[in-house]
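What follows is a set of notes on a single structure, which appears directly below.
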Amino acid sequence: MIDSKVRDYVRETHKIHDFSKKCERMVLGCIRFFPFKRATLFTYSAFSNIGEGLIQAEEGKITSVKWIKEDVRTIPPVYHALKNNKLRLLDLTQSNVPFPEKYIQQFDLSTIAVIPISQSNHVIGCVLADQYTGCSQSIHTQLEQLSSYFQEFFANRPAHRLSRRETEVLQHLANGLCMKEMAHSMNISEYTVRDYLSAVIRKLGVRHRAEAVAEGLRRGIIV
């Protein structure tokens, strides 16, 4: 359970309509209320198994990590955490824990928590939290509270108003199809696909396609 101060923070965040700003506040809250110095938000598609970076919070600042894009199956401990929708704590100082060395070196990682984010039992992303500053005896309790914190942000919201074709395009996007593949599948032009995508992004109040997929999954528009 999370305390009332954190719950009030979540409640105030729900009043924000801009999805990007809401995500920023959510990740900043992670390092504000919990004993972690850094938290990174990712989207995840169970169809393509692709994880894409969105933002990272550290020292009260937000930076983009959209350059990170990986097939999560190549990182088994993260993949199993997402597939099973289970918290997982990784000790990267152990040589038998498979994790990309390039990220360990770049971000100076030692211990990292994988916190799946789900909507209607579908995992739609995760947060990787590291640089834990609390006592070792309470880390699992802190992780459970942090998981509850993130799930508070993804409570059910009012029904969407996407058209049938817009929803179809969004589902194809979540499945990893490119615009050419969508156009062929739907028997329409790529220009029409682009128009549908633009409408989806506008109606969902997001800024780009990765956020559109995350928001569509969060609202239960797509699966």
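As the structure is a computational prediction, the values presented were derived from the model and not from experiment.
No side-chain heavy atom of Pro116 sits under 4.5 Å from any side-chain heavy atom of Lys86. No side-chain heavy atom of His80 sits under 4.5 Å from any side-chain heavy atom of Ile75. When side chains are defined from C-beta on, Ile104 counts as touching Phe99, because their heavy atoms get closer than 4.5 Å. The closest side-chain heavy-atom distance from Leu146 to Ile115 is below 4.5 Å. Within the 4.5 Å cutoff, side-chain heavy atoms of Val72 are placed close to those of Tyr44. Side chains of Arg38 and Phe107 form a contact here, defined as non-hydrogen atoms less than 4.5 Å apart. Using a 4.5 Å heavy-atom cutoff, the side chains of Gln171 and Phe47 are in contact. Contact annotation: the side chain of Glu181 never approaches that of His172 to less than 4.5 Å [non-hydrogen atoms, C-beta and beyond].
A salt bridge links Glu70 to Lys102: one of the charged nitrogens lies within less than 4.0 Å of a carboxylate oxygen. Remark: Glu52 does not engage Lys66 in a salt bridge, criterion side-chain N to carboxylate O under 4.0 Å. Classification of Arg11 and Asp8 as a salt-bridged pair holds, one side-chain N sitting under 4.0 Å from a carboxylate O. Salt-bridge annotation for Glu59 and Lys37: absent, with no side-chain N of the basic residue lying under 4.0 Å from a carboxylate O of the acidic one. Between Glu168 and Arg165, at least one side-chain N (NZ, or NE/NH1/NH2) sits under 4.0 Å from a carboxylate O, which counts as a salt bridge. Between Asp71 and Arg73, at least one side-chain nitrogen of the basic residue sits less than 4.0 Å from a carboxylate oxygen of the acidic one, meeting the salt-bridge criterion.
Connection of Val123 to Leu41 is not established within any shared hydrophobic cluster, with ILVMFWY side chains joined at heavy-atom distances below 4.5 Å, either directly or through further cluster members. Residue Val65 is not grouped with residue Phe19 when hydrophobic side chains (ILVMFWY) are merged at heavy-atom distances under 4.5 angstrom, including chains of intermediate members. In terms of hydrophobic clustering, with Ile, Leu, Val, Met, Phe, Trp and Tyr side chains grouped at heavy-atom distances under 4.5 Å, Phe42 and Ile62 are assigned to different clusters. Side-chain heavy atoms closer than 4.5 Å link hydrophobic residues (I, L, V, M, F, W, Y) into clusters, and following such links, even through other members, never connects Ile16 to Leu54. When hydrophobic clusters are built by joining Ile, Leu, Val, Met, Phe, Trp and Tyr residues whose side-chain heavy atoms come closer than 4.5 Å, directly or via intermediates, Val114 is grouped together with Tyr103.
Of the possible polar contacts, none joining the Ser138 side chain to the Thr141 backbone as a donor-acceptor pair under 3.5 Å is found. Within the 3.5 Å criterion, the main-chain N or O of Arg25 finds a donor-acceptor partner in the side chain of Tyr9. Checking side-chain atoms of His122 against main-chain N and O of Ala46 turns up no donor-acceptor pair under 3.5 Å. Panel note: side chain Asn175, backbone Leu177; no donor-acceptor pair is recorded below 3.5 Å. A donor-acceptor pair is defined here as one N or O able to donate and one able to accept, closer than 3.5 Å; no such pair exists between the side chain of Thr192 and the backbone of Ile188. Checked by atom type and distance alone, the side chain of Ser45 pairs as donor or acceptor with a backbone atom of Ala174 at under 3.5 Å. Checking side-chain atoms of Ser147 against main-chain N and O of Leu143 turns up no donor-acceptor pair under 3.5 Å. Using a distance-only test at 3.5 Å, with no hydrogens or angles considered, a donor-acceptor pair links the side chain of Glu166 to the main chain of Ser163.
The minimum heavy-atom distance between Ala39 and Val127, with the atom names listed, is CB-CG1, 4.1 Å. Between Ala212 and Ile201 the shortest heavy-atom distance is CB-CG1, 4.3 Å. Here the shortest heavy-atom pairing between Phe150 and Cys30 reads CZ-CB, 3.8 Å. The minimum heavy-atom distance between Ile221 and Leu162, with the atom names listed, is CG2-CD1, 4.0 Å. Closest non-hydrogen pair, Glu101 versus Gln105, comes out as OE2-NE2, 2.6 Å. A pairwise comparison of heavy atoms in Ser20 and Arg207 identifies OG-NE, 2.7 Å as the closest pair.
Within 6.0 Å of the CZ atom in Arg209, the count of heavy atoms belonging to other residues, nucleotides or ligands does not exceed 12. Within 6.0 Å of the CG atom in Asp91, the count of heavy atoms belonging to other residues, nucleotides or ligands exceeds 12. Within 6.0 Å of NZ in Lys203 there are more than 12 heavy atoms belonging to other residues, nucleotides or ligands. His208 NE2: more than 12 foreign heavy atoms inside a 6.0 Å radius.
The structure places SG of Cys126 at 11.0 Å from CG of Asn85, a figure rounded to the nearest 0.5 Å. In this structure, CZ on Arg88 lies 10.5 Å from CG on Leu82, to the nearest 0.5 angstrom. Rounding to the nearest 0.5 Å gives a distance of 8.5 Å between OG1 of Thr133 and CD of Gln142. Taking CD of Gln131 as the start and CD1 of Ile112 as the end, the distance is 10.0 Å to the nearest 0.5 Å. Distance check: Ile117 CD1 to Tyr149 OH gives 10.0 Å after rounding to the nearest 0.5 Å. With values rounded to the nearest 0.5 angstrom, Tyr79 atom OH is found 9.0 Å from Asn84 atom CG.
Side-chain atoms of Glu58 and Thr63 include no donor-acceptor pair closer than 3.5 Å.
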Working for side chain to side chain contact (heavy atoms under 4.5 Å, CB included), residues Leu170 and Leu204: CA-CA 11 Å; Leu170 185 58; Leu204 294 182; 4.1 Å; yes

Check against salt bridge (Lys or Arg N to Asp or Glu O under 4.0 Å), Lys21 and Glu24: CA-CA 5 Å; Lys21 293 186 182 301; Glu24 289 177 6; 5.4 Å; no

Candidate pair Glu152 and Arg7, rule salt bridge (Lys or Arg N to Asp or Glu O under 4.0 Å), full reasoning: CA-CA 8 Å; Glu152 286 282 333; Arg7 197 175 299 280; 2.9 Å; yes

Evaluation steps, side chain to side chain contact (heavy atoms under 4.5 Å, CB included), between Arg194 and Leu197: CA-CA 5 Å; Arg194 187 178 292 111; Leu197 285 173; 5.6 Å; no

CA sep, side-chain torsions, deciding dist, call: Ile50, Lys69, side chain to side chain contact (heavy atoms under 4.5 Å, CB included): CA-CA 7 Å; Ile50 297 296; Lys69 184 176 181 179; 3.8 Å; yes

Step-by-step side chain to side chain contact (heavy atoms under 4.5 Å, CB included) determination, Ile124 to Thr43: CA-CA 6 Å; Ile124 61 174; Thr43 62; over 6 Å; no

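Between Tyr132 and Phe36, the ring planes are tilted. Angles from 30° to 60° get that label.
Screening Leu109, Asp108, Thr111 against Asp130 for a side chain to side chain contact (heavy atoms under 4.5 Å, CB included) leaves a single residue, Leu109.
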